[in-house]
Structures are given as C-alpha cells and as structure tokens.
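Written out below as structure tokens is the structure these notes cover.
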Amino acid sequence: MTKIAVPIAAENPDEAKKQIKAALAAGAEMLELRSDYLENLSVDMVNNLVGEVKKAGLKKVPVIATCRDEKQGGARKYPDRLRAEVLAGALQAGAEFVDFEYEKFRFVENQERLQKGLSQNSKARLILSAHDFERKFENISRLHRSILTVYPAAIPKLVYTANHINDCFDAFDLLHKTSGERIVFCMGAAGLISRIIAKKLGALLTFASIDEKTATAPGQLTIEQLKELYRFDSISSDTELFGVIADPVGHSLSPAIHNACFAEKNMNKLYLPLLVKGGQSGFDLFLNNVIVRKWLNFRGFSVTIPHKQNALNYVRRKVGFIEPLAEKIGAVNTLVVKDDGRTAGYNTDYAAALDSITSTLKVDRAGLKKLVVAVIGAGGVARAIVAGLSNAGAKIKIYNRTIQKAEKLAAEFDCDFAGLDELQDIDAKLLINCTSIGMHPNVDATPLPQEYLKKGMAVFDTVYNPAETLLLQQAKRKRLKRIDGPSMFINQAMAQFKLFTGKNANAKLMRKVITERLSHKSHRELVN
C-alpha cells in the first residue's frame, strides 16, 4: 500500500526536531531525513535524529535516511564518503530505508560502506535513485532494469521533470508494466498528477511536504492537500479518474468541489488538475494518451481556457457525440469518455447561466423570451451565455472594447452590438459582465460606473473570485437584483457532475467549499 513520506529538510537539529513533530502531527506515514540540508553534517547528528523519530511517535513511523548528492538535487555539497558513512550510521541507528544515487552506488567504495550498514540492520532496505531535473529519462524502463541488475534487492526510485503533462505517461507505463517495490513520479507543475495517482498505480510511496515552505522538489504537494483535497486515503487501483483540462490550472476550484461531492456520496472517484499546454496538438496528444490506456480509467473532463474549442475539434475528428447547442456555441466544456473509448462533448456553461438567471428573476426559460439583455464582453463566456439567451428568445446587445469581436459574435446570434463607449446609454432589464474585470487581485475594478445602473435592472457578474465583485456591490447599493459568479460556476459544475456520475451533486456543499477556498486563498495571499 502506497505510503506518504514527508521530507524533513532543516539546517540544524533543533529545526529538524520541530519538523519531525509537525510531520507526525499531520499524519506522515514515513519520514525522509534529508540530511544534505543540515549544516556541519556528521554521522552522530543524523543518528540522533533517527533516534528522535523512534521516540517521538505513538506508532512506528519508518525512516528514510537520505543525503542527496548536489548534482541530484542535494542542498549542500558533501563528499561521497561522508554521505555514505552518514547513511550507514543511520542504518545502525534503526533507519528502515536509505536512499543513495544509483550512479554513485556503482563505485565500489560506496557499495562497501552501504552494504556494511545494511548487514547490521537485516530489515533495512536500499533505495537506489535517479533524478533528472530537466527532462524525462531517455529510456526509463532500461534504467529500471539496470538498477535491479546492479543490486537486485534495491528499490528503484526514478524521478524526472515533466515539461508537459504528456511526459508523465512514461512513468505511468513503467508502474503499470512492472511489479514489486518501486518509486516513480514526475516533478514540476505538469507532473503533479503523478504524485497523486502513484497510489492507484501501486508505487511504494509518494512525497508530500509539511507545508509549502518546506517542499523539497518542484510540484510537491502538502500532506494536507494530498489527504484532504485529493482524498489520498480513498484512492485504490479501481479509482475512476476525472479532471479539469486547462492552462493555467492551479487556480481552479473544480478539484475541491468535485472531490468533496465524491466524498459525500462515498464514490470511488478522483478529480485532478490537468495542466495541458501546447494548443490543439498538446490537447489531442493528451487525450489520445489517456484513452489508449484504459487501465488509467479516466472517465470525464471539465474543459476550460484555452481548450474549449480544442475539445470540440477533437470530438468532431473522432466522430464522437456533440450536444447540438455546444456545436452552435462552438465550444465544449465537458467531455465524457464512453466504455468504447469514444468521447461525447457538452457545454454546461449556457445552461448554468440560464438557470442562475431564471432562479433570480423567478421565471422559467420561457420567461426569457424578449428579455432585454446587455452583455459586456465577447469572449468564450459571453459566447456561451449569448447562445443560451438567444436560443431562449432574449433581445441581446453585446458591448465590447474591440467592436469587431462584438460585431462578429452578434452576427452569429442575430444580436445588436456596440463599443464600451455606449454603455452610458444602456437600457436593459439584465446586465451581464462576461469579462474578467473585477477579478482577484484587481478587486477595485468594475466594467462600468455605478451611475450607469438603472432602476429595475438585474446585474449578473460571471467573475467568481471574489464572490461579491465591485460591480455587485454597486448593484447592492442601488438595491438591484444580483447574480454572482459562484452561482453560475456551481450550476455548470452540478451539470458536469450529473454527466460524470448520473447522480445529482449537493449545491450547498459546493458553495460551502467555494466560500471556504476563496476565503482561505485570499487570506493566504494577504499573509504572503
């Protein structure tokens, strides 16, 4: 069963002891003593820290002693002899594992020192590791075989930087095709998912830090994120995978709300952030990689900027199902992978917006007919909302900074259009902001002055961070009906959840998670 190992990376023993206590309190299942971080390193110093772990926990927590070579990511430059002696000493002090570089282990003197320590601790294991901080290995399978040829009892650890999410599939394939104890994952933002699904693929362990400040490698999650956000304890080999495809993706709240709903319904499903770069070609290659590997069990995707058009194109070329209005909108924000590997594309944005509008105005969709609507913006969000409202028979006028974009969108859906300079003459029952104006951190911005808001007007801001934008505050002061961004976000996520699972999501739970996440994020950014 895959364990979570928490690195202890401190400059002195006192700080290391504090980190050990914090890691154990956070639920660490293993501790990695990164002795290469310590100043004035000595064998006794590390032996004492191993002893500290052994007496600190209420339950036995295995220790991995590591003194990383500087060229393989070590914090300080220590000679090989000292590093090997430190690890040998840690074995004598009771460490269950030692991690040494495969390249350095091939030197006879290093082998002799480490094997002497292993002979004095019969239950201890040797991890032989290889790291590439720039790119994926030329042939990871061959490297795996080479390690086991040199030392058959070793646990191979193969870690490399994924410059694109598609680089992760070499690691996934190795875990899928091999058995026994091995540690394989990718570093960097694009490799983050490999740290999470290492458990699904049967890796010996994955690494997580105590907090963001103590991370020892790019893309390393905190133990709280791994356990709470990504439900690590619930992952199994049968877990179905879902995710949001985006670039960037780190800001997305989708993993938090979908995983919370999976947990509430006790579903063996996991939702991941999928950083997919490279436009149409990168998108296509990622989906092809996923679909050909049925054993990964990816079942569905949310799709957002900049890939909604790419998703539509992909389904078209693969002759999959496309929801008719999604075809008309020209964008897909939801993909479902069928049992035969074919994909179906949907757009839940337009329905989410319409549901938010009708619930606030207290009308059904028929009540939107001839409703006079002003839409600010002509991008992807505006396109979906305009398509939905147009389909419902609303009378729409599109305002945009680049009037040519407004004109083009208006022509497709038989609407009026104007430049932003005409907003002062706005005459609508519903105003919708489809731009990013007012989004965090630019919370003091608004797409139009308060005096442009008219009595009897309803105001809808699709920005969801912050939940109450300056535009909505202005509308509140004028006692106008208001629709916030989280409402639309929740509605589209609920529709996606239904497509993914066939079940209804808990809207109150989604809003609670969004509120907590936005509050936590804003507080953390203020602190930092």
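No side-chain donor from either of D355 and N491 sits under 3.5 Å from a side-chain acceptor of the other. In this model, no donor atom of one side chain and acceptor atom of the other lie less than 3.5 Å apart for T222 and D211. N288 and Y314 are linked by a side-chain donor-acceptor pair at a separation below 3.5 angstrom, with hydrogens and angles left out of the test. Side-chain contact of E323 with Y350: a donor-acceptor pair under 3.5 Å is present, judged by distance alone. Using modelled atom types and a 3.5 Å distance limit, the side chains of Q474 and T446 yield a donor-acceptor pair.
With sequence neighbours excluded, the residues forming a side-chain contact (heavy atoms from CB on, under 4.5 Å) with V315 are I322, L335, T343, listed by chain and number. Residues meeting the side-chain contact (heavy atoms from CB on, under 4.5 Å) test with V443, sequence neighbours left out: H440, P466. Residues passing the ring pair (Phe, Tyr, Trp, His ring centres under 6.0 Å) test with F497, sequence neighbours excluded: F262.
Smallest separation of non-hydrogen atoms from L470 and D444: CD2-O, 3.3 Å. Closest of all the heavy-atom pairs between A162 and C186 is CB-CB, 3.9 Å. Summarising the geometry of T469 relative to G438, their closest heavy-atom pair is CG2-O, 4.2 Å, with the distance given to 0.1 Å.
With a 6.0 Å cutoff to the six-membered ring centre and a 45° limit on the axis angle, K269 does not count as a cation-pi contact of F242.
K369 NZ: 12 or fewer foreign heavy atoms inside a 6.0 Å radius. By the neighbour-count criterion of 12 heavy atoms within 6.0 Å, atom NZ of K476 is sparsely surrounded, having that number or fewer from other residues, nucleotides or ligands. Around the CG atom of N266, the shell of radius 6.0 Å holds no more than 12 heavy atoms that belong to other residues, nucleotides or ligands.
In this structure, V373 and I385 have side chains that are not in contact, with every pair of non-hydrogen atoms separated by 4.5 Å or more.
A distance-only check finds a donor-acceptor pair linking the side chain of Q280 to the backbone of N310 [under 3.5 Å]. In this structure, E228 contributes its side chain and Q225 its backbone to no donor-acceptor pair below 3.5 Å. Side chain of K200 to backbone of S237: a donor-acceptor contact under 3.5 angstrom is found.
A salt bridge links R316 with E327: at least one charged nitrogen is closer than 4.0 Å to a carboxylate oxygen. One finds a salt bridge joining K227 and D233 here, because a Lys/Arg side-chain nitrogen approaches an Asp/Glu carboxylate oxygen to under 4.0 Å.
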In sequence, state the C-alpha distance, the side-chain angles, and the governing distance for R511 and S487, and then conclude on side-chain hydrogen bond (donor to acceptor under 3.5 Å, both in side chains). CA-CA 8 Å; R511 183 170 282 275; S487 296; 2.9 Å; yes
Decide yes or no on salt bridge (Lys or Arg N to Asp or Glu O under 4.0 Å) for K512 and E516, but give the supporting numbers first. CA-CA 6 Å; K512 178 175 180 287; E516 289 174 352; 2.9 Å; yes
